[in-house]
Amino acid sequence: MRKDASVSESKRNAPGPLSVSMEEELEHVIRFKMSDFKILDCVSTGLGGRADEIVFEALVKNRLSPLYNTKVVLRRLKTTQAQRRGKRAIEVLKKLARRRLMYHSYSMQVHGYISSLMSNGHSSFTLVHGHHGSFSLRHWLQQSDWLPTLEATLALDEESVRKVGDTTTGGPAVSRHSRLIRVLMRDLLIGVNYLHSHGLAHTELRLENVHISPVDRHVKVGILGNAAYFHENAENDNTTENDLDRRQMMIAFDMRCVGFMMAKMVFQELMDPLIFTKFKLFFSKGHDPSCLREYLLRVLNHRLSSGNVGFQILDRNWGAGWNLLSLLLANKPSKRISCLEALRHPFLCGPRWRIAPSMEIIRWGLGSTAVRITEEYIYSLPQRRKLSHFIELMEMLTPHSKPKHWQELIPGKWRFLYSTGRHIGLTLRQPPARVLIGDVCLTVARDSKLNNRLSLTSDINFTVMRGRNWSHNKIGINGKLVINSSSRIQAGRRLYLKEENTVALGQPSFGESNAEHVLAQKLSSTRWRKVIPFEELPSSLPAVKLISGDIDLTMSLDIPLSEDIDAARNVIREVRTQVPPALFDLSKFICGTYVDSRLLILRSVDGSALLFTRSCLHESHNK
């Protein structure tokens with residue numbers, strides 16, 4: 001069209017810096033004139049640009065152009081920085097032109113530019129790029145009927161869902177939402193990986209910059225105006241250590257942005273700026289992303305995960321979605337997952353594709369399923385047996401068995417979830433004081449003076465309910481029981497005594513009386529044979545031995561019960577009845593059998609196992 005324009009024409013239409021040099025740099029795209037377009041009288045909402053951009057929709061009316069009668073976007077860049085972004089997008093196109101099909105599929109297609117000299121002496125630079133639908137992905141998700149509309153735009157038939165390993169179309173809203181996220185995430189990751197494989201980082205991945213084309217049904221990752229080379233000297237093939245560090249940091253930054261986009265696609269609540277600010281605050285405080293589920297349950301005001309579609313999506317397939325999200329948002333850049341690794345993750349692979357899970361995924365799945373069962377609250381015998389099995393399997397697969405690992409991982413606040421010991425409630429009893437147990441937390445701090453010494457604090461929140469209508473009205477006097485103790489840790493082993501059928505570190509608890517027989521059955525099953533690192537039940541497992549000291553107990557109430565000291569004694573006695581003994585008397589903890597970044601299992605003197613999850617709410621929930 002205007003590609004072969006003369007140098008003299010260039011000099012008439014552009015100032016000095018944008019004349020010959022720009023013509024040489026941008027020769028691989030078309031230089032248009034404003035007269036080549038018919039400006040339309042409206043602009044789609046999803047094309048809204050920055051403050052230094054003016055956006056038009058237009059039709060190409062030059063009959064000699066291969067784009068004749070095609071709708072395009074004219075993005076006039078007013079400032080020097082904005083013009084630099086536009087020229088960068090054209091420069092990136094030159095690098096990606098070797099695989100033009102991939103570029104057209106996963107990026108906004110840049111057709112060319114318009115450059116001219118304005119009356120005030122400043123240069124005008126307008127980028128001409130493709131029109132890929134009226135909405136950005138953010139605007140799609142803000143629509144009230146976004147799910148069926150986006151499904152129709154992507155035309156999700158059996159052939160398309162087969163490409164993400166799925167077997168069906170339609171179904172419940174949760175299944176449809178989950179399938180759509182897999183389609184969008186896989187397309188997004190393929191596009192980002194295409195850039196990374198060409199030595200480029202996007203650096204500006206946001207929902208506002210991503211569009212979905214109704215023509216080829218691909219996710220477009222923007223116009224790449226802020227794309228950056230991994231290596232400062234892109235022409236030099238010699239990579240130094242600094243170049244490798246720069247490459248890792250830039251890829252990690254892109255993957256973190258992908259993680260934030262995935263979170264917003266799953267949880268519609270995060271589209272609210274205030275809630276998303278709390279979400280980002282979780283990471284800015286350095287909390288481990290593996291604890292994100294525990295945090296979001298409280299931030300989104302959901303006591304049960306079953307009440308939220310986002311939780312149901314990520315909880316499926318043994319909590320694989322939470323695992324992928326934690327890897328995308330890992331605090332350390334070196335720990336973040338790459339595009340290719342993410343594309344092979346079980347969450348993004350449908351049931352048609354059999355993915356051999358890593359040991360990390362297996363541990364994650366066991367822990368996630370155990371946590372979900374504990375949330376059901378009413379524990380029938382099959383549930384209790386299943387929880388005991390999962391806890392035993394987690395102990396066998398523990399990734400950290402040495403005291404030095406525990407010293408690094410165990411400090412923090414842990415919320416109590418479940419005990420394999422006896423459960424005593426209020427339903428079938430008439431105690432002198434009716435007490436409803438709230439959150440029970442165990443806080444572990446490392447003593448700076450001695451490497452192997454830890455301080456333990458058990459916080460038991462409860463409500464003393466008064467009146468006969470306590471079963472319907474749970475309002476009462478709030479109280480808190482605080483137990484402090486110190487403990488010394490050292491290496492040890494947990495023994496299985498076959499003859500006595502007991503655990504060497506204590507008598508077996510409810511659900512564990514036949515632990516050896518149940519575990520032997522698990523080990524012999526086809527499902528677990530490839531997972532467990534030994535063929536038969538071992539005689540012992542590595543553990544960390546806890547040697548406790550004296551305890552100190554303090555109780556506080558918002559309002560005094562009465563002047564009678566017996567009332568306080570009855571409350572303490574009732575709390576002690578309902579709470580596992582080891583949480584009331586910390587000296588009853590005798591060993592730790594499993595710890596990672598989000599879950600903790602401790603064994604008490606009676607052989608029962610106590611399951612905890614790491615909590616970050618004391619620092620960030622109410623901010």
Side-chain angles (χ1 to χ4, degrees), residues 294 298 303 374 377 410-445 447 454-467 470-471 473-487 509 546 548-590 592 600-606 608-619 621-622:
E294 168 78 5
R298 305 303 179 90
R303 292 294 297 179
T374 64
Y377 181 69
I410 198 173
K413 187 173 183 179
W414 301 87
R415 184 169 69 90
F416 170 66
L417 294 178
Y418 180 78
S419 169
T420 58
R422 287 195 310 163
H423 290 210
I424 301 176
L426 290 170
T427 307
L428 303 177
R429 297 185 300 118
Q430 293 294 328
R434 294 185 177 91
V435 177
L436 181 67
I437 304 297
D439 284 340
V440 179
C441 296
L442 179 69
T443 303
V444 183
D447 196 325
L454 303 172
S455 63
L456 308 178
T457 302
S458 177
D459 296 305
I460 305 173
N461 295 279
F462 59 87
T463 301
V464 182
M465 298 175 292
R466 291 185 165 183
W470 64 270
S471 58
N473 185 1
K474 297 296 192 292
I475 298 175
I477 300 175
N478 294 325
K480 187 175 184 179
L481 202 62
V482 179
I483 303 99
N484 294 299
S485 179
S486 62
S487 182
S509 61
L546 301 176
S548 301
D550 297 333
I551 66 169
D552 177 63
L553 187 148
T554 305
M555 185 178 76
S556 60
L557 295 168
D558 291 348
I559 303 174
L561 294 173
S562 66
E563 296 181 358
D564 187 3
I565 196 172
D566 290 336
R569 288 176 179 170
N570 290 335
V571 170
I572 294 176
R573 186 180 297 112
E574 180 59 23
V575 171
R576 187 170 187 175
T577 301
Q578 295 189 44
V579 171
L583 287 170
F584 189 86
D585 182 358
L586 296 176
S587 64
K588 293 185 181 296
F589 281 125
I590 56 170
L600 169 70
I601 299 175
L602 299 179
R603 289 275 177 176
S604 66
V605 70
D606 63 357
S608 62
L610 279 72
L611 177 65
F612 299 83
T613 183
R614 193 183 296 274
S615 174
C616 308
L617 302 178
H618 64 298
E619 296 183 7
H621 174 48
N622 295 321

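Checked by atom type and distance alone, the side chain of Thr374 never pairs as donor or acceptor with a backbone atom of Leu417 at under 3.5 Å. Under the 3.5 Å distance criterion, the side-chain polar atoms of Thr420 are matched with a main-chain donor or acceptor of Ala609. Thr463 places no side-chain N or O within donor-acceptor distance of the main-chain N or O of Met465, the cut-off being under 3.5 Å.
Side-chain contact between Leu553 and Leu481: present, with at least one pair of heavy atoms (C-beta onward) separated by less than 4.5 Å. Between Leu546 and Leu602, some side-chain heavy-atom pair lies under the 4.5 Å cut-off. Counting only heavy atoms from C-beta outward, the side chains of Val464 and Arg434 never approach each other to under 4.5 Å. Contact check for Leu583 versus Leu610: side-chain heavy atoms found under the 4.5 Å cut-off. A heavy-atom distance below 4.5 Å is found between the side chains of His423 and Tyr418. Inter-residue side-chain proximity for Phe462 and Leu557 is flagged as met; some heavy-atom pair is nearer than 4.5 Å. Using a 4.5 Å cut-off on side-chain heavy atoms (C-beta onward), Ile460 and Lys480 make no contact. Looking at heavy atoms from C-beta onward, Asn461 lies out of side-chain contact with Val440 at the 4.5 angstrom threshold.
Note that the CG atom of Leu456 and the OG atom of Ser486 stand 7.5 Å from one another [nearest 0.5 Å]. Expressed to the nearest 0.5 Å, how far CG of Leu442 lies from OG of Ser615 amounts to 11.5 Å. A distance of 8.5 Å separates OG of Ser419 from CZ of Phe612, quoted to the nearest 0.5 Å. Note that CD1 of Ile572 and CD of Glu574 are 12.0 Å apart. Values are rounded to the nearest 0.5 Å.
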Fill in: Audit row: Asp439, Arg298, salt bridge (Lys or Arg N to Asp or Glu O under 4.0 Å) steps and yes/no
CA-CA 12 Å; Asp439 284 340; Arg298 305 303 179 90; 3.2 Å; yes
Item to complete: Show your working on side-chain contact (heavy atoms from CB on, under 4.5 Å) between Arg614 and Leu600 and close with a plain yes or no.
Response: CA-CA 8 Å; Arg614 193 183 296 274; Leu600 169 70; over 6 Å; no
Worksheet item: Run the salt bridge (Lys or Arg N to Asp or Glu O under 4.0 Å) check on Glu294 and Arg415 step by step: do they pass?
Response: CA-CA 9 Å; Glu294 168 78 5; Arg415 184 169 69 90; 2.6 Å; yes
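Ser608 and Gly421 get closest at one heavy-atom pair: CB-N, 3.6 Å. Summarising the geometry of Phe416 relative to Pro580, their closest heavy-atom pair is CZ-CG, 3.6 Å, with the distance given to 0.1 Å. Residues Met555 and Ala568 come closest through the heavy atom pair CE-CB, 3.8 Å. Minimum interatomic distance between Gln578 and Ile424 (heavy atoms only, all atoms of both residues): CG-O, 3.5 Å. Residues Leu586 and Asn484 come closest through the heavy atom pair CD1-C, 4.3 Å. The two atoms that bring Gly549 and Ser485 nearest to each other are O-OG, 3.6 Å, heavy atoms only.
Asp566 is linked by a salt bridge (Lys or Arg N to Asp or Glu O under 4.0 Å) to Arg569, counting only residues two or more places apart in sequence or in another chain.
Exactly one of Thr443, Asp552, Val444, Ile483 qualifies for a side chain to side chain contact (heavy atoms under 4.5 Å, CB included) with Thr457. That residue is Thr443.
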